[in-house]
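In what follows, chains carry the letters A, B, and so on, assigned in the order in which the sequence lines appear, proteins first and then strands, with residues in each chain numbered from 1.
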Amino acid sequence: MPLTPKTVGHIARLSRLEIDAQKTVFHAAQLNHIMQLVDQMNRIDTTGIEPMSHPQEAALRMRDDEVCAENCRQQYQSVAPATQDGLYLVPKVIE
Amino acid sequence: MHDQSLGELRAGLDRKDYSSVELTRHFLGRIHHGQRLNAFISVTEDLALEQARQADARIAGNDSEFLTGIPIAHKDLFCTLGVRTTCGSRILDNFISPYDATVVRKLKSGGMVMLGKTNMDEFAMGSSNENSYYGHVKNPWDEKRVPGGSSGGSAAAVSARLAPVATATDTGGSIRQPAALCGLTGIKPSYGRVSRYGMVAFASSLDQGGVLARSAADAALVLQAMSGFDRRDSTSLDRAVPDYPGCIEASIRGKVIGLPKEFFGQGADPAVMEAVEQAVRIFESMGAKTTGVELPNSEAGIPCYYVLAPAEASSNLARFDGVRYGHRTEQYEDLMDMYERTRAEGFGEEVKRRIMIGTYVLSSGYYDAYYVKAQKLRRMIADDFQRAFEKCDFIAGPTTPGTAFVIGEKSDDPVSMYLNDIFTNSANLAGLPAISVPAGLDHGGLPIGLHLIGRYLDEATILNAAHQFQQRTDWHRKTPEGFE
Amino acid sequence: MEWEAVVGLEVHVQLRTKSKIFGGASTAYGAEPNTQACDVSVALPGVLPVMNREAARLAVKFGLGIGALINRRSIFARKNYFYPDLPKGYQISQYEAPIVGRGTLQIETQTGTRNIGITRAHLEEDAGKSLHEDFHGMTGIDLNRAGTALLEIVSEPDLRSSAEAVAYLKTLHALVRYLDISDGNMQEGSFRCDANVSVRPKGQDALGTRAEIKNINSFRFVEKAVDFEIERQIDRIENGGKVVQETRLYDPDRDETRSMRSKEEAHDYRYFPDPDLPALVLDESFIEKVRSELPELPRARKARFESEYGLSRSDAAQLTRDRQTADYFERVCSKTSANPKVAANWVLGELASALNHHNLEIADTRVDSTGLAKLLDRVADHTISGKTAKDVFLLLWNSDQSVDRIIEDRGLKQITDNAEIEAVVAGVLCDHQAQVRQYREGNQRVFGFFVGQVMKRTRGKANPKQVNELLHEKLK
């Protein structure tokens, strides 16, 4: 089923992407074009097939519980947009 | 110097024909001359010379390894300590990485000299290198044309002899397609062979680092040095890496080449098919056998890929939110506004498109129809390969449907761009190693790529076949005009 | 109409691991902001998660502790949403295949023992913290907590009142501490609770619409928040309204829950298996090893306390409510020749009230098990009386001296010399002829007066049993 401009607006918001309200029709058309390509999947019957998430079926490797990271705050925060007193600053979060 | 193989450069350095500093200066000079190709986002001249001096000291102290002192360019998707790492995106325009990717660290400790960071499609999303915040890259073979993508900068740099070799990454064909379009040898190893730590993720279950080189022998050397288990990557394989350079010399007599009818039907240019068929005859003349195999679900590769890759990408790219690093918009009213504007300004059109597609196919009510369906197809595609490999040692076909296209030709039509991956992305879906090898030139003198896909973990066989092919052909020696 | 409340709880337990679940930073509480935020905690571009084995071990330990199904294969999934304290833009959690499946937790309620179903328990990572004060209208983000291993324990909607919810929580809290999988520190957020509350007419099977209440982080608040919410919902329905499915926040200052509409908008977490993490596969030997290390659990221990020490059901229950108390009691018993019932009385009486008075945990007690055992020995061997022992206990609490030293220095040793006591008894009877007469005329209550007088003259040191015997004898 085709994406409506309204759905596009919803997806953009979920994705935290500002889009020009004037352009949702254009975006919808473009995304629908891609989804038509994707819909070719439906030509193939996949009944009874187990979904595959990983190219190898290996088991998760686990590490020992050891603290092995130093304090890199200064280095990591040197590339941060806004910090104060060691905290990352963001616009007020309202709960 | 710039036309020498890595083996020749090793010998030259060891014989003191030139020092690593001289070699590095030479390539830095070529990069300067080749600036119009826009192959590099950052050229790290001072750091390169410093690393070259260290390499020279190692050579003088008889402490060198095979690659010590040899320059390399890194795709700007690999994090490099103290060096800007942009992923071709505005959102990381100011990002100085505080650490080295495992691949970078391994090659650095082997003494390789980093010349700089190469241009790429933003976050590796693209097949033409037109989706870069830093502008498109020109194909050295015809500067009106694209070099392919997403590793277009690495391909253009090696093809134009601005670097002897380069790292690259491949999620759906991003090493092999530019290799084909630029007349290079490009290998994507098996999933898990090369650590993904520090390689900024596009689609985690498909991404794999590899090499763009001028020959299979060069590719084998660098792949050897960058492969191997990494405890920082949970998908890294704890398996010994074969001696690739040692594997390539063997004869391919008796090897069985699988020819899938799905790759030899419609879809590719006649010139491309002609070159591939010619290549198969060359293999046969060396004693290899051929057999028909079937990959009946390969038509699902593209749609399957364009569900899974965007889905993973939509999640992987959520961390670029303007909070801890990277671009943050100047003006915003509140948190939501900050997020939305930062990401709208920071990402280019194609990246936004894929994030939206990915968000859509994972969203409530569509997950089963799209994401789960694609995962099932993925298994069917992987199973097809497994069956095919019961009958053959490797599979051959074209790398791309056509040769390099004109810049701008497909940029307004995402779907026609996506179809560039038609022969390559199934190897990513199945996690298999694959290589593209120069196999001819079309009527316009543009390179054509031969695509070989190997069994899981069997990079050795396809490197061996590619190298033996290069003993009989000289397509890989051809240099674009003006860069000899 | 009569209403019935239906409550299910989701408890987030911080697992006791030294490092984070997917990264190498320390999990120690209270560090300077972002000094324990490693590359993975900060979600630098290109970094990848690597699973901490200890987190898996602790989760399995919990599963075995509630007799739950342990899933041999569980899957990490990404829960996608944007929030500044969630650095990757997704939380790694488990969705379709959690590590721990169905189990039960037995709780004691006023109406008796009940089995509460546990739907599942899954591993996930914690988020960072948002600090709202004093940043010029901005919010500060501290990622020290981001990536700490959590076990989310989800109950069935089997609870029927706030009291049951509290009983369940307390039982669960004791269990995680018994198992030593978490410090259970509620002030530091190691044990946090969300409640799903709905109401329905009594007798109806179908569930009503539920509200999820967040931010209830003490036993008392759980009781209040659930009570408030039940009342609110009944009130609403009885006034012709409808309960809407929503997330509500409990505000302890106002003792009310209120809607969190901001969190409500566009909830679509787009869960999918995390491609960075293959399936978590547990082999039998891993599970058996954890099983072999399981401590004795509260129920078994309670039963043993009754049979082995001859304790009453209520004493056994109280002593086994937390592991530290039960351990303390057993240490005392192993060191004293006194009757275990006496030891139980002391642990639940004097010791508990002293701890309570000073607002201390048993781990911080100022009278250790050796000290208490010695004190009980001195009562058992009649060196001091039970009454004097209570004074000695307080002296012990407030000093570093040994029991014997205190008894010695303060001359508290009991008088057990029959002749000496007899002399005092004789003196008392002689001095109180009037009372002796009353007693002999049948006023038995005066007996206590004589005891008191004898004790007064011996400054409480006379052996009470001997005093009793001698008084009876002399008054015949």
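- In this structure, no portion of B:A318 lies under 4.5 Å from any heavy atom of chain A.
- With values rounded to the nearest 0.5 angstrom, B:M417 atom CE is found 11.5 Å from A:I34 atom CD1.
- Neither the backbone nor the side chain of A:T83 comes within contact range of chain B, judged by heavy atoms closer than 4.5 Å.
- No part of B:D368 comes within reach of chain A, as not one of its non-hydrogen atoms sits under 4.5 angstrom from that chain.
- Atoms OH and CG, from B:Y370 and A:D39 in turn, are 4.5 Å apart once rounded to the nearest 0.5 Å.
- For chain B, the nearby parts of A:A12 are the backbone and the side chain; heavy atoms of each come within less than 4.5 Å.
- Residue A:D20: no heavy atom, backbone or side chain, is found under 4.5 Å from chain B.
- Judged purely by atom type and a 3.5 angstrom limit, B:R324 has no side-chain atom pairing as donor or acceptor with the backbone of A:A80.
- Neither the backbone nor the side chain of B:S314 has a heavy atom closer than 4.5 Å to any heavy atom of chain A.
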- Task: Show your reasoning for whether side chain to side chain contact (heavy atoms under 4.5 Å, CB included) applies to B:L377 and A:M52.
- Result: CA-CA 8 Å; B:L377 285 167; A:M52 176 172 164; over 6 Å; no
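- Both the backbone and the side chain of B:I96 come within contact range of chain A, with heavy atoms under 4.5 Å apart.
- Here the side chain of A:Q56 pairs a donor or acceptor atom with the backbone of B:T235 at under 3.5 angstrom.
- The line from CD of B:E345 to CG of A:L17 is 11.5 Å long, rounded to the nearest 0.5 Å.
- Options A:L60, A:T7, A:V90 differ in how many heavy-atom pairs under 4.5 Å they form with chain B, and the most are formed by A:V90.
- Contact of B:L429 with chain A is made through the backbone alone, with heavy-atom distances under 4.5 Å.
- Going from atom NE2 of A:H10 over to atom CE of B:M356 covers 12.0 Å, rounded to the nearest 0.5 Å.
- Minimum interatomic distance between B:P303 and A:V38 (heavy atoms only, all atoms of both residues): CB-O, 3.5 Å.
- Most heavy-atom pairs under 4.5 Å with chain A: of the set B:K352, B:E312, B:E333, B:R328, this distinction falls to B:R328.
- Looking only at heavy-atom pairs under 4.5 Å with chain B, the residue among A:H33, A:M62, A:H27, A:R63 that has the most is A:H33.
- Classification of B:R378 and A:E50 as a salt-bridged pair fails, no side-chain N sitting under 4.0 Å from a carboxylate O.
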- Query: Under the side chain to side chain contact (heavy atoms under 4.5 Å, CB included) criterion, do B:S363 and A:I11 qualify, and how do the steps go?
  - Reply: CA-CA 9 Å; B:S363 66; A:I11 293 168; 5.7 Å; no
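- In this structure, B:E340 does not pair ionically with A:R16, as no charged nitrogen and carboxylate oxygen lie closer than 4.0 Å.
- Other residues, nucleotides and ligands contribute only 12 or fewer heavy atoms inside 6.0 Å of the CD atom of A:E70.
- Interatomic distance, CZ of B:R343 versus CD1 of A:I19, reported as 13.0 Å (0.5 Å rounding).
- Residues A:C72 and B:P98 form no side-chain contact, since every pair of their non-hydrogen atoms from C-beta on lies 4.5 Å or further apart.
- For the atom pair A:M41 CE and B:N297 CG, the distance stands at 13.0 Å (nearest 0.5 Å).
- Summarising the geometry of A:P51 relative to B:V372, their closest heavy-atom pair is CG-CG1, 3.9 Å, with the distance given to 0.1 Å.
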- Query: Should A:R43 and B:E299 be marked as a side chain to side chain contact (heavy atoms under 4.5 Å, CB included) after you check the CA-CA gap, both sets of side-chain angles, and the distance that decides it?
  - Reply: CA-CA 10 Å; A:R43 290 189 205 153; B:E299 61 163 327; 3.0 Å; yes
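- Side-chain contact between A:E18 and B:Y339: absent, with no pair of heavy atoms (C-beta onward) separated by less than 4.5 Å.
- In terms of heavy atoms, B:T359 sits closest to A:S15 at OG1-OG, 2.9 Å.
- A:S53 and B:Q375 are linked by a side-chain donor-acceptor pair at a separation below 3.5 angstrom, with hydrogens and angles left out of the test.
- The shortest distance between side-chain heavy atoms of A:Q30 and B:R353 falls below 4.5 Å.
- Comparing B:Y418, B:Y99, B:Y371, B:F347 by how many heavy-atom pairs each has under 4.5 Å with chain A, the most go to B:Y418.
- When each of A:L89, A:L31, A:I44 is scored by its heavy-atom pairs under 4.5 Å with chain B, the top score falls to A:I44.
- When the candidates B:N94, B:L237, B:V415 are compared by the number of heavy-atom contacts under 4.5 Å with chain A, B:V415 comes out ahead.
- Interface summary for chain A: among B:G431, B:S204, B:P414, the most heavy-atom pairs under 4.5 angstrom belong to B:P414.
- The two residues A:R61 and B:D233 come nearest to each other via the heavy atoms NH2-O, 2.7 Å.
- The residue among A:A58, A:P81, A:A82 with the most heavy atom pairs within less than 4.5 Å of chain B is A:P81.
- Contact count against chain A (heavy-atom pairs under 4.5 Å) is highest for B:R341 among B:E349, B:R341, B:M338.
- With contacts defined as side-chain heavy-atom distances shorter than 4.5 Å, the pair A:L37/B:L419 qualifies.
- Interface residue B:D413: only side-chain heavy atoms are found under 4.5 Å from chain A.
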- Message: Walk me through whether B:Y360 and A:V8 qualify under side chain to side chain contact (heavy atoms under 4.5 Å, CB included).
- Response: CA-CA 9 Å; B:Y360 179 59; A:V8 170; over 6 Å; no
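- Taking 4.5 Å as the limit, every side-chain heavy atom of B:Y306 sits out of range of all side-chain heavy atoms of A:Q40.
- For A:Q77, no part sits under 4.5 Å from any heavy atom of chain B, backbone or side chain.
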